[in-house]
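The figures here come from the full heavy-atom set of this structure, side chains too, leaving out hydrogens, waters and symmetry mates. Numbering of residues begins at 1 and proceeds along the displayed sequence. When a ligand or atom number is given, it counts from 1 through the structure's own listing order.
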Amino acid sequence: MAPTIATPISTDSADIANFVISKGNGVKGLSEMGLECLPQRFIQPLEERISFSNIMPQESIPIIDMSNWNDPKVAESICDAAETWGFFQIINHGVPIDALENVKDATHLFFGLPAEDKKKFLKENSPSNNVRFGTSFTPQAEKALEWKDYLSLFYVSEDEASALWPPVCKDQVLEYMKSSEVVIKRLLEVLMKGLNVNEIDETKESLLMGSKRINLNYYPICPNPELTVGVGRHSDVSTLTILLQDEIGGLYVRGKNDSWIHVPPISGSLVINVGDALQIMSNGRYKSIEHRVLANGSQNRISVPIFVNPKPCEIIGPFPEVLAGGEKAAYRQVLYSDYVKHFFRKAHDGKNTVEFAKI
Ligand SMILES: CC(C)(COP(=O)(O)OP(=O)(O)OC[C@H]1O[C@@H](n2cnc3c(N)ncnc32)[C@H](O)[C@@H]1OP(=O)(O)O)[C@@H](O)C(=O)NCCC(=O)NCCSC(=O)/C=C/c1ccc(O)c(O)c1
Ligand SMILES: O=C(O)CCC(=O)C(=O)O
Ligand SMILES: [Fe+2]
């Protein structure tokens with residue numbers, strides 16, 4: 001008789017949720033048990049799984065060389081990309097390659113920690129609301145969980161980060177955030193000029209980039225990648241998102257007519273996307289486009305998005321400069337922290353978040 005292999009958990013949904021979410025093992029813990037089948041809790045309805053017939057392999061989001069960022073042609077391509085695609089990649093952006101490599105290494109270091117160490121940063125144990133380790137986006141609101149673990153860090157100050165962020169990654173994350181400040185400002189300046197906003201004064205700075213959140217995402221090898229997702233369809237609630245991905249790939253952006261376009265990894269590049277806050281402030285000129293991430297059956301993937309956001313206490317709405325020519329406001333004035341709470345209280349649901357602010 002074949003020996004029975006003791007499994008550390010049953011496949012019962014409650015046991016799986018306890019092991020993954022409450023015990024701090026994450027989906028990485030499940031993946032490393034060598035499961036042969038995806039547990040039921042992660043199986044997405046058919047319509048949420050990526051069908052390869054809708055993927056456009058010949059299409060690509062723009063790739064913009066930032067070395068001559070003062071060149072009006074570069075500015076034009078940035079504004080065009082933000083209007084037409086909502087997504088683009090930048091190369092020669094000035095963020096040192098070492099800073100990118102170090103933050104990717106640090107992401108692997110954090111997720112490589114034993115569950116007991118990562119558990120200290122679960123919502124219920126974390127020393128601060130600004131530091132959170134978790135699995136999936138909103139497990140309490142989701143019918144099917146996403147195959148993703150994350151560490152989410154809301155930046156308040158260097159001192160707070162030094163005191164509270166996980167020691168294995170905090171220096172590298174802070175260095176990456178600091179070294180990306182220049183390119184973030186340049187992008188916002190260019191995008192604002194395209195809206196007739198010629199100066200980012202203190203008020204505009206707080207509206208556009210008054211807060212930042214950085215997530216370290218870990219997508220472990222999945223036993224049945226075709227049945228689940230790494231991240232479900234959503235648009236970001238940020239002003240702009242600056243995303244660093246590794247060499248694995250798997251991010252898809254919504255194209256025309258229900259199609260999906262892959263964002264191929266380009267060594268040293270950064271993916272930039274418009275978030276809902278910028279869509280609202282530009283009165284719909286710049287678009288926050290739906291995107292999602294596939295699970296992978298053979299490789300572990302990481303990504304590191306920086307969400308550049310309005311300050312939570314700011315009231316956002318279409319800029320007066322955009323409405324000056326008589327254009328009608330498509331969005332009402334909303335308190336940004338109300339907008340974010342609305343986003344965090346529901347499962348990912350494509351482009352629906354922005355309905356909250358529509359007139
Ligand atoms: C977000 C709020 C408003 C929440 O504050 P507060 O009211 O004190 O409550 P809270 O208990 O911290 O969180 C409220 C809920 O949001 C959820 N939440 C908070 N932070 C996160 C997070 N990082 N990831 C997932 N859920 C979160 C919590 O689970 C809470 O749910 P519940 O416990 O009420 O059921 C506050 O922290 C704030 O104002 N932050 C500043 C602005 C900000 O952070 N903006 C976020 C931009 S992030 C952004 O653009 C995208 C993030 C994202 C994340 C995962 C993905 O998978 C993804 O695709 C995208
Ligand atoms: O992992 C990625 O490539 C994208 C993740 C994402 O969309 C997000 O965290 O908001
Ligand atoms: Fe996103």
Side-chain angles (χ1 to χ4, degrees), residues 26-28 48 50 55 60-61 82 85-90 100 103-104 107-108 110-111 132-139 142 145-155 173 176-177 180 211-222 225 228-254 260-267 269-279 286-296 299-309 339-340 343-344 346-354:
V27 280
K28 182 169 184 282
E48 293 304 330
I50 277 211
I55 292 173
S60 164
I61 60 167
W85 296 88
F87 260 87
F88 51 99
Q89 302 214 53
I90 53 172
L100 306 183
V103 79
K104 285 194 274 182
T107 302
H108 283 288
F110 176 78
F111 287 98
R132 184 175 301 184
F133 166 61
T135 287
S136 200
F137 180 60
T138 36
E142 290 163 336
L145 298 179
E146 301 171 331
W147 194 259
K148 176 191 92 167
D149 298 329
Y150 70 87
L151 175 71
S152 186
L153 303 166
F154 183 69
Y155 180 86
V173 171
Y176 173 48
M177 290 184 90
S180 59
S211 74
K212 276 188 196 160
R213 180 185 289 281
I214 184 163
N215 283 5
L216 312 187
N217 292 326
Y218 192 91
Y219 306 92
I221 294 171
C222 178
T228 189
V229 292
V231 181
R233 294 182 297 114
H234 70 286
S235 60
D236 294 345
V237 292
S238 53
T239 304
L240 275 188
T241 303
I242 283 69
L243 177 97
L244 172 66
Q245 62 169 335
D246 66 13
E247 70 291 356
I248 313 291
L251 170 62
Y252 288 80
V253 174
R254 173 80 87 177
W260 291 90
I261 299 163
H262 188 231
V263 180
I266 298 174
S267 174
S269 78
L270 291 166
V271 180
I272 310 294
N273 64 283
V274 172
D276 293 348
L278 184 54
Q279 174 167 319
Y286 299 137
K287 318 261 181 338
S288 67
I289 299 293
E290 233 179 302
H291 52 285
R292 55 168 147 184
V293 178
L294 282 195
N296 190 307
Q299 286 167 298
N300 299 310
R301 173 177 186 263
I302 58 156
S303 71
V304 186
I306 298 177
F307 301 103
V308 180
N309 308 308
Y339 191 85
V340 175
F343 173 69
F344 281 141
K346 58 184 178 57
H348 281 322
D349 56 354
K351 272 288 290 181
N352 285 342
T353 318
V354 80

Rounded distance (nearest 0.5 Å) linking atom NZ of K287 with atom NZ of K351: 9.5 Å

For K28, all residues meeting salt bridge (Lys or Arg N to Asp or Glu O under 4.0 Å), sequence neighbours excluded: E32

Verdict with reasoning, I289 to W85, per side chain to side chain contact (heavy atoms under 4.5 Å, CB included): CA-CA 7 Å; I289 299 293; W85 296 88; 5.9 Å; no

Residues N309 and T239: side-chain donor-acceptor under 3.5 angstrom: no

Test ring pair (Phe, Tyr, Trp, His ring centres under 6.0 Å) applied to Y286 - qualifying residues, sequence neighbours left out: none

Heavy-atom nearest neighbour of atom 6 (C) of ligand 2 within options H234, R301, E290, K148: H234

Which of the atoms in ligand 2, numbered in the order shown and given with their element, are less than 4.0 Å from a heavy-atom of [X]?
X: V293; value: 1 (O), 2 (C), 3 (O), 4 (C)
X: P305; value: 9 (O)
X: N217; value: 5 (C), 9 (O)
X: S303; value: 1 (O), 2 (C)
X: H291; value: 7 (O)

Contact partition for [X] relative to ligand 2, non-hydrogen atoms under 4.0 Å:
X: L243; value: side chain
X: N215; value: neither
X: R292; value: neither
X: F307; value: side chain
X: Q245; value: neither
X: Y150; value: neither

Minimum heavy-atom distance S288-D276, with the two atoms named: OG-OD1, 2.6 Å

Proximal heteroatom of H234 relative to the Fe ion (ligand 3) (N/O/S): NE2

Shortest-distance N/O/S atom, D236 versus the Fe ion (ligand 3): OD1

F133 and F110 aromatic ring geometry - parallel, tilted or perpendicular at 30°/60° bounds: perpendicular

Mutual orientation of the aromatic rings belonging to F137 and H348 [parallel < 30°, tilted 30-60°, perpendicular > 60°]: parallel

Identified side chain to side chain contact (heavy atoms under 4.5 Å, CB included) counterpart of P305 within the set N217, D236, I214, N273: N217

